[in-house]
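Counting starts at 1 for both ligands and their atoms, in listed order. For the numbers below, each heavy atom of this structure counts, side chains included, while hydrogens, waters and symmetry mates do not. Please read these numbers as outputs of a predicted model, since none were measured by experiment.
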Amino acid sequence: MSRLRGRQFLAIPGPTNIPERVLAAMHRPAVDFKSRAFRPVEAEVFAGLKQVFQTRETVYAYPSAGRGAWEAAMVNTLSPGDKVLIGETGAFSVFWCEIARELGLEVEELAGDWRHGVDPAAVEARLAEDRTREIKAVCLVHNETSTGVTSRAAEIGRAIRDIGHPALFMVDTISSLACMDFRMDEWGVDLAVSGSQKGLMLPSGMSFLGVSEKAEKARQSARMPRSYWELGGLREADGSLRFPSTSPVHLIYGLAEALRMLFEEGMEQVFRRHLRLAEAARAAVRAWGREGGPEVFSLDAREHSNSITTVLLPEGADAEAVRRQAEDRFQVALGAGLLRLHGRAFRFAHMGDLNEPMLLGALGGVELAMRAAAVPFAGGGVQAAMDSLAGA
Ligand code: PLP
């Protein structure tokens, strides 16, 4: 049994804090998901999702983890042996490559150093070389949750369009949607993959897939085997959308409430709040690193993530020890460094239902945990975060 008291500060990148209003909306008896009474809730959710994706196209939903929508994007639009170009951004682009290979696609990784986003010029150059139009899809993790780097998806979309290459543009928005600006239509995104447990402030268990008209056309000739992920079955005879199998009715009630909350706050304000909190988190890390201590892993100010900061520790410091101290003694849950960053970095998420004192409390816990884990750092991170918030 835990001896710890008070509430935990969740600074992991999902699941994020679930607002009381969303919990309350889910606290209800089950309903018949085929009943007429439930239809308006589903309709509200599908319409709201389009608004969040900033699209006039269709957003489908599955009861699944986010990686289900990765698979759905590929199997619905590609054929065995097709080549996909995946920008290397970090652990999640690596996982995406693995899934694509397992599905029988040919993967070409556009190499990256993890500390920068995918270079739009490199995408353009690679597509220009591809005269035989072998590349069928360009895949991008918009916000790389392992590194805290946000690639410039708008510029990459423009590069694909400018060069006139027919590849589909697939974008993973799992840790950017409803945290930072994402414009499916304006940026020329054909398949937008997302999940419920981050900016949408819900439990995990729902994934979303925005599908452009061009991607709908690609479906007609796509030969990858698919059953659960088949998009064709997700429309009723009257044209309305539905979930495959038994609808996750409680999650849908929760999503309806979460969308209402986002729209009440206003999406612009949601993005501004995430930016303000992210800048405060980065200010804290820079203060800690004044004398060669921890550093913000992301290197290009244009690409700093507004939903998560990956904190690289100085050589010899143990990021897992910081995480253990934070969790066991100070009720702060931090994300682990993934793959090559394991033990070298921890991840401090600031996404979803979060305000200034919550952020400052978690940063204070991190400062204590770093001291307990004997990480060399300069003090004053929380003060720097407050200064940043006061000035923003
Ligand atoms: N892509 C990104 C960018 C993620 O951050 C995650 C999870 O954190 C995933 C994909 C996988 O999502 P899930 O864990 O819901 O399958």
When you pair each N or O of ligand 1 with protein N or O atoms, which pairs come out under 3.5 Å?
unit_1   : atom_1 : unit_2 : atom_2 : d
ligand 1 : 1 (N)  : Asp172 : OD2    : 2.6
ligand 1 : 5 (O)  : Thr145 : OG1    : 2.5
ligand 1 : 8 (O)  : Lys198 : NZ     : 2.9
ligand 1 : 15 (O) : Gly66  : N      : 2.7
ligand 1 : 15 (O) : Gln197 : NE2    : 2.8
ligand 1 : 16 (O) : Gly66  : N      : 3.3
ligand 1 : 16 (O) : Arg67  : N      : 2.9

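Taking Val31 as the reference, Phe38, Val249, Tyr253 meet the side-chain contact (heavy atoms from CB on, under 4.5 Å) condition, with sequence neighbours excluded. Every residue was checked against the side-chain contact (heavy atoms from CB on, under 4.5 Å) condition with Ser221, not counting sequence neighbours, and none meets it.
Phe46 and Phe243 have their aromatic ring centers within a separation under 6.0 angstrom. Ring-centre distance between Trp114 and Phe297: not below the 6.0 Å cut-off.
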Please walk me through it: do Glu124 and Arg158 pass salt bridge (Lys or Arg N to Asp or Glu O under 4.0 Å)? CA-CA 9 Å; Glu124 188 166 340; Arg158 200 174 315 125; over 6 Å; no

Using atom types as modelled, flag every donor-acceptor pair under 3.5 Å from a side chain in residues 381-388 to any protein atom, sequence neighbours excluded.
unit_1 : atom_1 : unit_2 : atom_2 : d
Gln383 : NE2    : Asp387 : OD1    : 3.0

